[in-house]
Visitor: 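My questions all concern the structure below.
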Amino acid sequence: APPRRWRADFAVIPAGTDGFLLIEIDGGAFIAGRHSRGTGVEKDAEKQSAAAILGYRVIRATPRQVEHGRCLSWLKQALGLEEAA
């Protein structure tokens, strides 16, 4: 089988590092969307496990967490721009 070609919502390459930081926004979590159904959760787990095996760091957030600034705070923490709360 050909290798999987997953996509992330956002990818960041922090300056001075050789690693990637992936940001996944899981829409539909509160309306029985793809990310909360069995096959969607299973596919997300497969993608994120593959990313971890390859050395990627993954931040997952819901649209609500993006709107409230929590995802941005996590991103800043991951980049060393902000202290953990």
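This chain uses plain numbering: 1 for the first residue, then up along the sequence. Note that this is a predicted model, so its numbers are computed, not measured.
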Visitor: State yes or no: do F10 and W74 share one hydrophobic cluster built from I, L, V, M, F, W and Y residues joined by side-chain heavy-atom distances below 4.5 Å, directly or via other members?
Guide: yes
Visitor: Please answer whether the main-chain N or O of R7 pairs with a side-chain N or O of K47 as donor and acceptor at a distance below 3.5 Å.
Guide: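 A pair under 3.5 Å: yes.
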Visitor: Rounded to the nearest 0.5 Å, how far apart are CD1 of I59 and CG of L21?
Guide: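 The distance works out to 4.5 Å.
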Visitor: Do the side chains of I53 and Y56 join up, straight or via other hydrophobic residues, at under 4.5 Å, putting them in one cluster?
Guide: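 The answer is no; the residues belong to distinct hydrophobic clusters.
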Visitor: Do the side chains of I13 and L79 join up, straight or via other hydrophobic residues, at under 4.5 Å, putting them in one cluster?
Guide: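 No, no single cluster joins them.
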Visitor: With rounding to the nearest 0.5 Å, note down the distance linking CZ in F20 to CG in L54.
Guide: 11.0 Å
Visitor: Give, for atom OG1 of T39 and atom CD of E46, the distance between the pair rounded to the nearest 0.5 Å.
Guide: 12.0 Å
Visitor: Does D44 form a side chain to side chain contact (heavy atoms under 4.5 Å, CB included) with R60? I'd like the steps, not just the answer.
Guide: CA-CA 10 Å; D44 285 346; R60 287 182 64 184; 4.3 Å; yes
Visitor: Quick one: SG on C71 to CZ on R64, what's the gap to the nearest 0.5 Å?
Guide: 14.5 Å
Visitor: Using the rule side chain to side chain contact (heavy atoms under 4.5 Å, CB included), only one of D9, V12, L72 pairs with I23; which is it?
Guide: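 Looking at D9, V12, L72, the match for I23 under the side chain to side chain contact (heavy atoms under 4.5 Å, CB included) is V12.
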Visitor: When you measure from the side chain of S73 to the backbone of G69, do you find a donor-acceptor pair of N or O atoms at a distance under 3.5 Å?
Guide: no
Visitor: Test L22 against V58 for side chain to side chain contact (heavy atoms under 4.5 Å, CB included), laying out the working first.
Guide: CA-CA 5 Å; L22 302 179; V58 180; 4.3 Å; yes
